[in-house]
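What follows is a short report on a single structure.
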Amino acid sequence: MEQTADRTIITVVGKDAVGIIAKVCAYLAENRINVLDISQTIVQGFFNMMMIVDMNMAEKPFGECAKELEALGEQIGVSIKCQREEIFRKMHRI
């Protein structure tokens with residue numbers, strides 16, 4: 001997988017409910033953010049999703065998208081965090 005400056009890690013965590021993936025992906029599609037990879041699990045009623053997205057064609061700057069996704073998470077009862085891939089990699093380096 002090639003690394004680009006526009007790749008972002010999005011994490012979504014919270015109590016499972018209908019439509020979480022649909023609402024997050026609808027936001028991404030509306031803002032021309034491409035999903036490159038996605039992993040989602042539900043453990044004893046708790047939802048966890050990690051996405052790698054490409055923001056190269058995004059209609060808004062990173063900070064604005066991150067704030068709007070965080071607000072979307074509050075609306076649907078989950079925590080949504082966005083982090084640029086290069087920062088994520090440096091924070092999780094051994």
Side-chain angles (χ1 to χ4, degrees):
M1 224 182 235
E2 72 182 56
Q3 184 174 353
T4 68
D6 292 323
R7 286 173 41 143
T8 297
I9 309 298
I10 298 175
T11 56
V12 182
V13 179
K15 187 150 176 47
D16 188 33
V18 173
I20 296 171
I21 297 171
K23 289 174 183 161
V24 172
C25 288
Y27 174 87
L28 298 177
E30 289 166 6
N31 289 282
R32 298 177 41 98
I33 299 170
N34 187 38
V35 176
L36 301 173
D37 202 356
I38 183 172
S39 174
Q40 171 261 312
T41 58
I42 300 169
V43 178
Q44 295 186 9
F46 292 97
F47 179 88
N48 184 34
M49 179 168 67
M50 181 175 177
M51 307 171 91
I52 301 173
V53 301
D54 181 358
M55 296 191 66
N56 186 45
M57 301 293 289
E59 307 230 327
K60 300 173 185 172
F62 171 84
E64 189 174 342
C65 290
K67 286 180 185 176
E68 289 178 356
L69 281 164
E70 187 173 343
L72 173 63
E74 290 174 9
Q75 291 173 4
I76 61 177
V78 296
S79 170
I80 301 178
K81 302 293 180 196
C82 298
Q83 193 169 34
R84 293 196 183 275
E85 182 185 43
E86 61 269 18
I87 303 298
F88 186 87
R89 286 186 183 275
K90 287 178 183 176
M91 286 180 57
H92 294 90
R93 191 173 18 176
I94 296 177

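- Met55 and Phe62 make their closest contact through SD-CD1, 3.8 Å (heavy atoms, listed as atom of the first residue, atom of the second, distance).
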Please set out all donor-acceptor pairs under 3.5 angstrom arising from side-chain atoms of residues 69-77, sequence neighbours excluded.
none

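- A single hydrophobic cluster is not seen to contain both Val12 and Phe46; linkage of ILVMFWY side chains at heavy-atom distances under 4.5 Å, directly or through other members, places them apart.
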Donor-acceptor pairs under 3.5 Å, side chain of residues 17-33 to any protein atom, not counting sequence neighbours: which ones?
from  : atom 1 : to    : atom 2 : distance (Å)
Tyr27 : OH     : Glu68 : OE1    : 2.6
Asn31 : OD1    : Lys60 : NZ     : 3.4
Asn31 : ND2    : Tyr27 : O      : 2.9
Arg32 : NE     : Met57 : O      : 3.4

Worked verdict on Ile52 versus Ile9 for side-chain contact (heavy atoms from CB on, under 4.5 Å): CA-CA 5 Å; Ile52 301 173; Ile9 309 298; 3.7 Å; yes

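- From Arg7, atom CZ reaches atom CD of Gln83 across 14.0 Å, with rounding to the nearest 0.5 Å.
- Val13 and Phe47 end up in different hydrophobic clusters when Ile, Leu, Val, Met, Phe, Trp and Tyr side chains are linked at under 4.5 Å.
- Residues Val53 and Met50 are members of separate hydrophobic clusters, defined by side-chain heavy-atom contacts under 4.5 angstrom among Ile, Leu, Val, Met, Phe, Trp and Tyr.
- To the nearest 0.5 angstrom, Ile42 atom CD1 is 10.5 Å from Met49 atom CE.
- For the pair Asp54 and Leu36, the tightest heavy-atom approach, listed with the atom from each and the gap, is CB-CD1, 3.9 Å.
- Taking CE of Met51 as the reference point, atom CG of Asn34 lies at 9.5 Å (rounded to 0.5 Å).
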